[in-house]
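Down below is the structure, laid out as structure tokens.
Sequence lines set the chain letters: A, B, ... in the order given, protein chains first and strands last, and positions in each chain run from 1.
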Protein chains: 2
Amino acid sequence: MDATVTLPRSNPLVLRLRYGADLDAGDRALLADLARSRRSLEPQQDIVRAGDRAAGVHLVLEGYAFRYKLIDDGHRQILGLLLPGDFCDLQSIVLGPSDHYIAALTACTVADIPQERVDALVFRDSRLARTLWWATLVDESILREWLASMGQRPADKRIAHLFCELLLRQQLVGAAGERDCPLPLTQPMLADILGITTIHVSRILRDLRLAGLIRLKDRRLHIPDVARLRAFCDFDPTYLHLVRRPDLEAAEDVAGVGS
Amino acid sequence: MDATVTLPRSNPLVLRLRYGADLDAGDRALLADLARSRRSLEPQQDIVRAGDRAAGVHLVLEGYAFRYKLIDDGHRQILGLLLPGDFCDLQSIVLGPSDHYIAALTACTVADIPQERVDALVFRDSRLARTLWWATLVDESILREWLASMGQRPADKRIAHLFCELLLRQQLVGAAGERDCPLPLTQPMLADILGITTIHVSRILRDLRLAGLIRLKDRRLHIPDVARLRAFCDFDPTYLHLVRRPDLEAAEDVAGVGS
DNA sequence: CGTCACATTGATGTCTGTCAAGAATCGTGG
DNA sequence: CCACGATTCTTGACAGACATCAATGTGACG
């Protein structure tokens, strides 16, 4: 619960957005500047509440956060995990009040960014526009994968798939090793992510442990053989969109980016 | 399967995007112009294939389309339905090759729009930028609701919730009445949407019919008492973001929209 | 008229949920 | 340092939802 997620040396936002576009020093400076006003949050503290008028855009700098919805007054469905470098509610500048909740999972540092600043970046500078939009689209892509997982994968592979994703996403921001990463998720949280009960999470984790696929200790996840776990759950990282595409440069020219 | 979805009198794209921003005549003309090159598709014909280099952006003008993923070679998970006025792959101008498939569900008319044209609109004109981005963000919001539904609602309420959503989304583009709308989904399709088997879909539909909540005839869905069905499945349309927000105008001023 | 996909129903099995009860862990305060 | 409560985590017994297997009926279409 209080496992501290390592702070990457560089700005996690810049680390993440490398995959969105090739940013120059000026772009990076603009991005880094967004993270100036920092705020610390307790675990479980809400960052965004559904229906609230958006005061600004929030960015996770340290720790984990998560999105969730409440269904039928009592059931909570976790909709996604937010790691350092992820925007919580970039969409609010367009959509307005959020339709879901966002809360700190671990102790967190977040940046509060005034709407207008992001707004100006998004709708004036086309390369940054592309990059910030890219960030929301990757979110959407991850949601599609989670939905596919929920619908078609049995619970054990669903957990395994989630673990593969978390290892990789944390590696992106320098918060994980080759075969291990922080995993500050309690079993009740995992249950809400996977749409199953805590009790089942416990049993499945035991089975995965017995199969030698994972090891959990001190709120860290160890994966002895990443390839084996990936094969087990049919993990294909394409949906994270981590490859720079050669054809994007051409598209950027068309859009008239040439600084 | 071959039920023809009514063509709204006005351009469905313009009808849909009304909720994204207040567009002037010039904006509407630009949007309408996007839909000039039309193409007809057979049911089940793929519009976008995962991994393919994106040739352009696709827009549904008539009929239904759907997104899906294939898991473990054989299991298909439907990730969303695309109705007239919905972009299939607006995200491709930023993300590149799609990470999922998109196919026609009924006979469809789609517009093929060259990447560059959308690209120019998105990254040059800030009001249209906001509007097109809005469209993708609503997609994302619907995905979150589907995921929540999948994780926390039992199958019967999941179907009911889907039906409420479909009735409303079709009303938006003038393709539905007060209490009925086209429903060109076969039971195997519904099964893939809900993550259950065809057999179960059949039984659940029977139960809903016996409960007097729905009637299905000639590929149309009739909902005798919409309020009752909404109550049954806890349907709250907030996630569709159909309200214009007063504070957006202010934000638009900041972004320098005032044409 | 035969084929094929869709739709319906029954019998049975399995995954996951519910109920119940301990055990382990952790933060807090005495 | 220990005690305490509060979460977690774990395990068992049982029930229910949904899957699988099988069979039959229906309708569209060549």
Roughly, in whole Å, what's the span from CG in A:D218 to C1' in D:dC9?
15 Å
Does A:E42, at its CD atom, have more than 12 non-hydrogen atoms belonging to other residues, nucleotides or ligands within less than 6.0 Å?
no
For DNA chain C, the residues among residues 207-215 of chain B that have a non-hydrogen atom under 4.0 Å from it
B:R209
Report all interatomic pairs (protein N or O, nucleotide N or O of nucleotides 15-22 of chain C) with separations under 3.5 Å.
from   : atom 1 : to     : atom 2 : distance (Å)
C:dT16 : OP1    : A:A155 : N      : 3.2
C:dG17 : OP1    : A:G195 : O      : 3.4
C:dG17 : OP1    : A:T197 : N      : 3.3
C:dG17 : OP2    : A:T197 : N      : 3.0
C:dG17 : OP2    : A:T197 : OG1    : 3.0

Any side-chain donor near an acceptor of the partner, A:H161 and A:R153, under 3.5 Å
yes
Passes side chain to side chain contact (heavy atoms under 4.5 Å, CB included), A:L229 versus A:F235? Steps please.
CA-CA 8 Å; A:L229 189 65; A:F235 181 79; over 6 Å; no
Can you list the stems that include DNA chain C, where a stem is three or more consecutive Watson-Crick or G-U pairs with distances under 3.5 Å?
C:1-21 with D:10-30, C:23-26 with D:5-8, C:28-30 with D:1-3
Can you tell me the distance, in whole Å, between the CG atom of A:L216 and the P atom of D:dC9?
10 Å
Please check if the side chain of A:R16 supplies one atom and the backbone of A:N11 the other of a donor-acceptor pair under 3.5 Å.
no
Are B:F66 and B:Y64 near enough that their ring centres are under 6.0 Å apart?
no
Would the distance check show the side chain of B:D89 and the main-chain N or O of B:S92 forming a donor-acceptor pair, the cut-off being under 3.5 Å?
no
Count the heavy atoms of every other residue, nucleotide or ligand shown that sit under 6.0 Å from CD of B:Q171, and state whether that count exceeds 12.
yes
When the distance from CG of B:D192 to C1' of C:dC6 is rounded to whole Å, what number comes out?
14 Å
B:Q187 has an atom CD; how far is it from atom C1' of D:dC18, in whole Å?
15 Å
Mark yes or no for whether B:T198, through its side chain, and B:A191, through its backbone, hold a donor-acceptor pair below 3.5 Å.
no
Is it true that the side chains of A:Y68 and A:D46 contain a donor and an acceptor less than 3.5 Å apart?
yes
Tell me the interatomic distance from A:L190, atom CG, to D:dT10, atom P, rounded to whole angstroms.
11 Å
Identify which nucleotide among D:dT8, C:dC6, D:dT10 has an atom closest to any side-chain atom of B:P188, counting heavy atoms from C-beta outward.
C:dC6
Taking atom C1' of C:dC6 as reference, at what distance in whole Å does atom CD of B:Q44 sit?
12 Å
Check this one for me: any side-chain N or O of A:R206 less than 4.0 Å away from OP1 or OP2 of D:dT10?
no
Check this for me: does any side-chain nitrogen of one of A:R169 and A:D86 sit under 4.0 Å from a carboxylate oxygen of the other?
yes
Just the rounded figure in Å: distance from P of C:dC6 to CG of B:L185.
12 Å
Any donor-acceptor pair under 3.5 Å linking the side chain of B:D218 with the backbone of B:R220?
no
